[in-house]
Amino acid sequence: MASRILLPALLLLLLCAHCGGAEARSARGGDPSSSNSAVKFDFSPFLIEYKSGVVKRLMGTDRIAAAADALTGVTSRDVTIDPATGVAARIYLPSFRSTAKAPILVYFHGGAFVVESAFNPIYHAYLNTLAAKAGVVAVSVDYRLAPEHPLPAAYNDSWAALNWVLANAAPGTDQWLSQYGDLSRLFLAGDSAGGNIAHNLALRAGEEGLDGGARIKGVALLDPYFQGRSAVGAQAADPAYLQSAARTWSFICAGKYPIDHPYANPLALPADSWRRLGCGRVLVTVSGQDRLNPWQRAYYATLRGSGWPGQAELYETPGEGHVYFLTKMSTPQAQAEMTTLVAFINRNDD
């Protein structure tokens, strides 16, 4: 397992320096055979794809069982969302001291769309803490990964999971969601690639609507994975980086979308799409040493200037790398960011 200390550095190394390789496809784990060990795409430190078709993941494959967490008092269990695709989720229930219903938070993990899962120990610890501090019923989505399932699979899986949550919050369905969840306080959140997913789902919700007339109250984009072919800000003006980022994006989506497609680069959206973003509030977090932060800042500025009627908030952490808060949860910086996220969810602005 990538250590809890090294993961942010590895993520930053990937996003800042490597991003490159060749192309992609195949199965979660497994070593290449000795006769077919030629590398097709080296996506270190995340994975390597071999010409044999084998994909060897180098991190993010450890899993931890759902359980009652003694430290936070949160209980978790796993559910299958779509047996046909294998899409699943882990639901987190905090220990309630009242009969009042709680906000529902649908969370999407990061990992460049190619590694990690909702069942990874790092995400399990983060969601236990978030559910306890925010007092939310959290649903952490386990979507399918590229390159075996290139984009838009992750978007479609996450949309299916969101609709599953809406359906199972109705009386007589999922016990935790229907008994304890308040759909009038529905939030989406995600880090890195998960932040990208949360944005794209909010956009789709604004364009298509949600089942039963549900509305997303807020979306938290935690160091979201946004980038494009054109440089945004001095930090991103590195032609080699921009080229390697484009190759990596092509790997993730099997060449289906250019890197300036709105999936990767929301700055390419027309103005009317921004105005239809389907939520009332957006929180964008930015880490000072994250190579993606010029696009994240530009996202926030563009949203604020778009005519979208909601409220946008930018939270910055100087001196930290991409998604540092996942593995440095006990540091003052990570705790301050968690406090900001909790306040964003629990703000009463009705």
Side-chain angles (χ1 to χ4, degrees), residues 1-16 45 59-60 62 64 69-74 76 90 92 94 103 105-112 115-136 138 140-141 187-199 218-226 281-293 295-297 299-300 313-347:
M1 181 185 82
S3 76
R4 296 171 67 86
I5 295 175
L6 289 177
L7 178 59
L10 290 172
L11 288 167
L12 186 60
L13 174 64
L14 168 72
L15 292 167
C16 295
M59 61 178 291
D62 286 358
I64 189 171
D69 183 63
L71 183 63
T72 62
V74 174
S76 57
R90 178 161 292 176
Y92 295 83
L105 173 71
V106 185
Y107 193 91
F108 309 99
H109 68 80
V115 295
E116 303 295 352
S117 78
F119 315 123
N120 181 274
I122 291 173
Y123 283 101
H124 183 70
Y126 184 76
L127 267 296
N128 272 325
T129 301
L130 178 56
K133 289 184 177 294
V136 299
S140 182
V141 178
F187 290 83
L188 307 184
D191 65 278
S192 192
N196 177 296
I197 291 171
H199 156 76
V219 176
L221 310 179
L222 311 178
D223 293 8
Y225 184 113
F226 297 142
R281 291 192 270 119
V282 171
L283 169 67
V284 182
T285 73
V286 174
S287 297
Q289 294 182 4
D290 187 351
R291 189 64 176 270
L292 299 180
N293 77 51
W295 285 280
Q296 296 157 358
R297 294 175 192 274
Y299 175 96
Y300 167 76
E313 178 181 348
L314 181 69
Y315 181 85
E316 303 183 44
T317 304
E320 292 290 355
H322 188 65
V323 298
Y324 76 96
F325 47 82
L326 290 175
T327 55
K328 295 182 176 181
M329 286 175 56
S330 63
T331 65
Q333 294 89 339
Q335 290 180 359
E337 182 157 330
M338 175 67 76
T339 298
T340 299
L341 177 57
V342 168
F344 174 78
I345 293 170
N346 287 319
R347 184 182 309 151

For the residue pair [X] and [Y], establish whether any side-chain heavy-atom pair is separated by less than 4.5 Å.
X	Y	result
Glu337	Glu320	no
Tyr126	Leu222	yes
Tyr324	Gln289	no
Phe325	Asp191	yes

From [X] atom [atom1] to [Y] atom [atom2], the distance as rounded to the nearest 0.5 Å:
X	Y	atom1	atom2	value
Phe187	Tyr107	CZ	OH	15.0 Å
Glu116	Leu326	CD	CG	8.5 Å
Arg297	Leu292	CZ	CG	12.0 Å
Leu314	Gln296	CG	CD	9.0 Å

Minimum-distance pair of heavy atoms, taken over all atoms of [X] and [Y]:
X	Y	answer
Ala198	Leu221	CB-CD2, 3.9 Å
Pro94	Ala132	CB-CA, 4.4 Å
Ala334	Lys328	CB-O, 3.0 Å
Val219	Phe344	O-CZ, 3.6 Å
Ala193	Ala112	CB-N, 3.8 Å
Met329	Ala125	CE-O, 3.8 Å

*Decide yes or no on side chain to side chain contact (heavy atoms under 4.5 Å, CB included) for Arg281 and Arg347, but give the supporting numbers first.*
CA-CA 10 Å; Arg281 291 192 270 119; Arg347 184 182 309 151; 3.5 Å; yes
*Pair Asn120-His109, side chain to side chain contact (heavy atoms under 4.5 Å, CB included): steps then yes or no*: CA-CA 10 Å; Asn120 181 274; His109 68 80; over 6 Å; no
_Arg90 and Ile64: CA distance, side-chain angles, deciding distance, side chain to side chain contact (heavy atoms under 4.5 Å, CB included) verdict_ = CA-CA 11 Å; Arg90 178 161 292 176; Ile64 189 171; 3.8 Å; yes
Run the side-chain hydrogen bond (donor to acceptor under 3.5 Å, both in side chains) test against [X] and tell me which residues pass, sequence neighbours left out.
X	answer
Thr129	none
Ser287	Asp223
Tyr92	His124
Tyr315	none

_Set of residues satisfying side-chain contact (heavy atoms from CB on, under 4.5 Å) with respect to Ala118, sequence neighbours excluded_ =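 Scan of Ala118 (side-chain contact (heavy atoms from CB on, under 4.5 Å), adjacent residues dropped) gives Ser140, Asp142.
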_With sequence neighbours excluded, residues passing side-chain contact (heavy atoms from CB on, under 4.5 Å) with Ala134_ =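 Per chain and number, Ala134 pairs via side-chain contact (heavy atoms from CB on, under 4.5 Å) with Leu130, Val136, Val342, Ile345, Asn346.
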*Please step through side chain to side chain contact (heavy atoms under 4.5 Å, CB included) for the pair Thr285 and Thr317, ending with a clear verdict.*
CA-CA 8 Å; Thr285 73; Thr317 304; over 6 Å; no
*Identify, with sequence neighbours excluded, every residue that meets ring-ring contact (aromatic ring centres under 6.0 Å, His included) alongside His199.*
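Residues passing ring-ring contact (aromatic ring centres under 6.0 Å, His included) with His199: Phe226, Tyr299.
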